[in-house]
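Written below as structure tokens is the structure these notes are about.
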Amino acid sequence: MVTPNNAEFLQNIQSKWQKKWQQARSFHADANPYHKKKFFLTFPYPYINGLPHVGHLFTIMRVEAFARYKRLQGFNVLFPQGWHATGSPIVDAAQRVREGEEKQLKILRDCGVPEADISKFAEPEHWISYFVPEYRKDIQSLGLSIDWRREFFTTELNPHYNKFVQWQFSILKKKGYVKKGKFPVVWDPKNNCPVPDHSRIEGEGETPQEFLLVKHKLKNGTSIVTATLRPDTILGVTNLYINPDVMYVRAKVDEEDWIISKKVAKALADQDKKVTVIEEVQGSSLIGQTVLEFSGLSVPILPAFFVQEQFGTGIVHSVPSDSADDLIALDDLKKDTALCQKYRLDMAMVKAVEPISVLDVPGFSPIPARDVLTQLGIKSQHDRQKLEKAKDILYKKAFYEGKVNKLYQKARFKGLSQDYAGQPVEKAKEGIKHDILNSEFGDVYYQLTGRVVSRSMMECVVRIVEDQWFLDYGDPVWKKLAHDALNNLTLYPEKARAQFTYVIDWLHQWACTRETGLGTRLPWDEKWLIESLSDSTVYMAYYTIVHLLQKIDVRNVNGALFDYVFLDENTGKLLVDKKDADAMRREFDYWYPVDFRNSGKDLIQNHLTFYLFNHTAIFHKDKWPKGIGVNGWVTVDGSKMSKSLGNVIPVREMVKTYSADAARITILTGGEGMDDPNWDTEFARSIIPKLEQFYTLARDVAAAKDMTTAKDRAAAKGTAAGETSTGKTSTDGGRYTMKPIDLWALSNLHQIIHDATALMEETSFRSAIQKIFFDLQRLLRWYLRRTKNSPNTTVIKELVDAQAVMLSPFTPHLCEEIWSMLGKKGLACEASWPVAQQDKIDEQANAAENLVQETAADIQSVLKLLDIQKPASIALFVSPAWKYQLFAIVRKQLDTTRNPAEVLAAVMKNAPAELRSHGQDISKLIPKLVQGGLPPMILPQEKELAALRDAVDFLSAEAGCPVQIASADEASEPKAKQAQPGKVAIVVKQ
RNA sequence: GCGGCGGUGCCGGAGCGGUCAAACGGGAUGGGCUUAGGACCCAUUAGCUUAGUGCUUACGCAGGUUCGAAUCCUGUCCGCCGCACCA
């Protein structure tokens with residue numbers, strides 16, 4: 001870690017201002033009917049199983065900076081904060097503490113928990129009572145402008161909130177958005193419980209995968225059952241493959257007879273099936289028999305050794321057209337007379353088995369598997385590696401580019417519900433699967449995508465849980481409402497919209513209840529806890545009333561109260577004072593809807609979209625969300641944040657090392673939009689002295705009532721009293737004259753205010769900081785240099801005042817300090833954001849100053865090239881008059897043509913005689929002007945002269961010799977002719 | 001594979017048809033100020049060239065549109081995020 005230069009100064013003023021804000025209750029926000037402009041911001045309440053770190057900081061700071069900005073804009077701003085404890089991580093972690101797991105204990109120690117207290121964390125409740133205040137302390141130390149009166153935490157440990165969530169769910173239920181169904185989960189068979197991702201020893205990220213079971217019927221009615229992920233090829237089945245050496249079982253599954261592997265027989269028992277094993281069946285005994293297919297065909301059962309017992313059902317239906325495995329096995333068998341004899345297979349029958357083409361895949365023959373076998377040079381079914389590759393190629397090609405062929409006509413197969421012929425595989429697949437499931441040939445089976453081992457060291461299985469509750473985000477009516485909500489809100493940034501639209505369409509049923517963890521119980525089925533993403537969709541409404549509600553005896557909090565407060569409906573008896581209920585309703589009515597909710601972009605696919613869905617289900621349309629912000633994932637010095645890299649910087653460490661203000665501005669400079677913001681340690685270090693420099697400058701401005709020099713004042717007396725050279729009146733006690741450079745400074749200031757305001761409005765904080773801090777600092781630097789440190793006091797004060805206010809959302813402590821030092825009344829956080837005055841933005845002033853700036857630079861470079869230390873004098877010539885005329889005419893022409901010849905012709909035609917006399921020069925100049933383009937603004941000759949004359953002192957000082965200024969028109973000097981509008985000719989005399 | 005976002009100089013990162021060899025910051029180099037400085041100020045930071053200029057090569061790669069492209073179009077390669085019941 002780099003040691004900062006000196007953050008003490010910033011750190012020393014931190015707690016002082018935080019205390020002042022607290023005393024002034026600057027961030028307490030209450031409904032105020034006389035203050036119509038309100039702004040309500042939130043970010044998702046953090047899950048409190050740890051302390052805040054740099055990863056959290058970015059999201060927090062976006063909301064914080066926006067909150068402070070909106071306050072400066074005159075809004076009544078509500079920025080509350082709560083805590084999330086719902087779910088299983090805390091419970092699991094407590095369990096691990098109970099078991100004394102070293103890794104978990106270390107995490108707690110790293111959070112600063114004293115050794116003696118660690119055992120307390122065996123209780124989940126203790127996590128809340130410990131981490132809530134610690135987390136709050138950390139983010140408070142950043143000087144956040146949160147209304148802490150409205151803090152709360154979730155789960156039934158907070159009975160008021162508990163009632164709120166139950167109210168929410170009873171409304172969802174009433175409206176039919178909560179439904180009951182079956183659901184596959186990863187299950188520990190020993191402890192009889194579901195195994196969430198983070199409490200696995202092995203197999204994080206593995207999930208149940210749905211396979212289609214296909215029944216193939218023997219003459220006696222028994223089904224040989226295979227499992228597949230490719231129902232689209234069902235009509236291409238030519239035979240079954242069975243491993244002759246494997247011992248299968250015949251089992252009664254529900255009311256049917258199935259032949260399957262032993263493992264599947266066991267697994268199905270967990271998956272909502274009644275399974276009784278009747279007998280064992282040797283694979284070889286089935287070979288040679290025929291089965292009836294979904295397609296209506298009869299196909300033989302053949303031997304194959306690539307078939308693995310533990311995969312699928314241990315039996316494979318063969319689609320040699322589109323499976324390389326199936327095809328090569330068939331090829332092998334046709335050549336293997338000995339094997340056929342062994343199982344008494346009729347060689348002619350085997351040879352008669354031919355692939356059936358079912359898919360049209362671009363770039364492939366009707367039998368794609370054959371192409372791939374040839375392509376990869378696969379010779380036998382033992383060539384496993386190549387076969388895996390073949391499978392990959394075939395699947396991807398067929399699935400994403402293929403179409404099912406003409407075989408899939410409804411007329412040809414009674415099992416099909418529609419004509420699939422010609423449909424893309426991707427689309428037809430689902431329909432065909434559905435058809436098979438609806439026939440007597442199909443069923444469903446779940447298998448894990450990989451091995452999962454639970455903490456009890458048991459290998460997990462898939463289990464179908466009955467009576468699981470779902471939020472039906474697939475409901476088309478609800479989807480429509482969510483789209484409506486999306487269409488009526490502002491996104492920060494707008495480019496996130498495509499993703500939201502996609503997610504709304506893609507979401508379907510969401511299992512919203514759990515059996516374990518902390519949370520709120522489902523009001524009508526108390527065995528279930530409401531899952532953590534589902535209990536946090538509309539709680540922002542809770543913020544509006546929490547400080548009032550939680551004072552009320554919870555026994556008097558009922559559904560009728562929430563109906564009254566949130567929906568303006570009288571549905572039952574209120575158990576609280578009408579007065580109290582009205583007060584809450586006023587708060588809700590005033591603050592809602594949420595104007596800005598910000599979170600990481602990863603939450604678009606769940607929480608933020610749930611947030612939209614649920615608001616439309618619960619609240620009236622005028623209370624739907626107004627704005628959502630999303631941001632990228634924080635990186636640290638360019639690398640992804642991770643525990644293993646050890647670059648997860650806790651907030652408390654950042655504040656201790658860099659100060660709150662430096663940390664705040666660093667993180668927001670790290671990025672904007674959807675890009676991943678970067679915490680740049682080097683920036684954090686180098687910004688500290690720059691912030692102090694800003695303070696020093698402000699101090700000088702404050703101290704010097706009059707920053708002008710005696711010489712300036714004397715010079716000023718020369719002009720008519722109170723009158724400046726530009727005719728403006730100066731009223732302050734500083735330098736009396738308002739010179740062009742002063743107007744230029746103001747012009748640029750107001751341009752910056754204008755730009756920065758627009759950027760703040762769209763939460764582009766990085767760019768805003770660029771303008772407000774760096775561009776303004778540069779402006780100040782040039783202004784001081786240009787005025788040789790005697791700026792106009794009015795101007796310099798306006799610059800510093802504006803900067804202090806505009807920077808305060810980012811570095812509030814420093815800005816308060818400066819604000820008070822400048823002798824301002826009140827707090828900076830309650831000041832007014834400066835207003836950009838269009839009439840002060842003067843492009844001509846910019847062009848004039850550019851000319852001066854460039855001339856100064858050009859003088860330097862000429863002197864350097866000629867290696868002249870002490871020039872005797874310098875003459876500057878502005879362009880001859882005819883070139884100004886020429887430029888103006890060319891500019892007009894460029895709108896119609898860009899062809900140099902045409903421009904030249906037009907110029908020569910339109911130009912006055914005087915200009916035409918410079919014909920030769922013109923024809924040389926024009927191609928350049930057309931190619932390179934003209935400068936954005938061309939000042940008239942007299943303005944250029946005036947600008948240079950105004951700056952003559954400065955230019956002389958920079959050049960180190962007297963400077964004369966003249967027009968090239970009356971100059972005999974040949975070099976003077978080189979001058980152009982915007983470009984002065986320089987003649988150095990030694 | 002699908003959906004989303006990106007690929008710019010030593011680095012971070014602006015720019016999104018002409019004012020672009022490319023803002024701003026960081027780093028590096030040189031100079032100034034200083035007892036000294038990690039503080040501050042100034043200059044340089046693609047190559048060649050020049051009295052302040054001009055030229056060449058550059059904005060992932062390849063084509064195209066245009067008088068003109070980092071900027072628009074097409075194709076292609078690469079990176080990041082998500083693809084769920086987990087906070």
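Every heavy atom of this structure was used, including side-chain atoms; hydrogens, water molecules and symmetry mates were not. Every chain is numbered from 1 and lettered A, B, ... according to where its sequence line falls, protein lines coming before strand lines. Here the structure is a predicted model, which means the values were calculated and not measured.
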Base, sugar-phosphate or nothing for [X]? Non-hydrogen atoms, less than 4.0 Å.
X         : answer
Thr86(A)  : sugar-phosphate
Leu533(A) : base
Glu854(A) : nothing
Val988(A) : base
Gln860(A) : nothing
Ala857(A) : nothing
Lys771(A) : nothing

Partner lookup for [N], please. Criteria are Watson-Crick or G-U wobble with both distances under 3.5 angstrom; report none if nothing qualifies.
N      : result
U45(B) : G27(B)
U53(B) : none
G3(B)  : C81(B)
G9(B)  : none
G38(B) : none

For Tyr539(A) and Tyr45(A), I'd like to know if the aromatic rings sit close, meaning centre-to-centre distance below 6.0 Å. yes
Presence of salt bridge, Lys601(A) and Asp676(A), under 4.0 angstrom: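 The answer is yes: the pair qualifies as a salt bridge.
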Under 4.0 Å between a Lys/Arg side-chain N and an Asp/Glu carboxylate O for Glu958(A) and Arg785(A)? yes
Respond yes when some side-chain nitrogen or oxygen of [X] is under 4.0 Å from OP1 or OP2 of [N], and no when none is.
X         : N      : result
Ser88(A)  : A87(B) : yes
Gln693(A) : C41(B) : yes
Arg778(A) : A23(B) : no

As a test of reading the structure: which of [options] is closest to the side chain of [X], going by heavy atoms?
X         : options                : value
Phe683(A) : C24(B), C86(B), G25(B) : G25(B)
Ser686(A) : G26(B), C81(B), A51(B) : G26(B)
Arg785(A) : A51(B), A43(B), G3(B)  : A43(B)
Glu682(A) : A87(B), U53(B), G26(B) : G26(B)
Asp602(A) : G25(B), C81(B), C40(B) : C81(B)
Pro89(A)  : C85(B), G6(B), A87(B)  : A87(B)
Ser532(A) : G6(B), C2(B), A87(B)   : A87(B)
Asp858(A) : U53(B), C24(B), C81(B) : U53(B)
Gln770(A) : A23(B), A43(B), C83(B) : A23(B)
Asp675(A) : G3(B), A14(B), A87(B)  : A14(B)

Tell me the interatomic distance from [X], atom [atom1], to [N], atom [atom2], rounded to whole angstroms.
X         : N      : atom1 : atom2 : result
Lys601(A) : G3(B)  : NZ    : C1'   : 13 Å
Trp510(A) : C86(B) : CH2   : P     : 8 Å
Asp676(A) : G4(B)  : CG    : P     : 18 Å
Arg781(A) : C42(B) : CZ    : C1'   : 10 Å
Asp755(A) : A14(B) : CG    : C1'   : 13 Å

Measure across Ile772(A) and Gln803(A) and return the closest heavy-atom pair with its distance rounded to 0.1 Å. O-NE2, 3.1 Å
At their closest point, which heavy atom of Leu529(A) faces which heavy atom of Glu515(A), and how far apart are they?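 Scanning both residues completely, I find the closest heavy atoms to be CD1-O, 4.3 Å.
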Assign the ring pair Phe131(A) / Trp127(A) to parallel, tilted or perpendicular, where the plane angle (0 to 90°) is split at 30° and 60°.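 Tilted, since the angle between the ring planes falls between 30° and 60°.
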For the pair His53(A) and His56(A), name the ring-plane relationship: parallel under 30°, tilted 30 to 60°, perpendicular over 60°.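 Because their plane-to-plane angle lies in the 30° to 60° range, the rings of His53(A) and His56(A) count as tilted.
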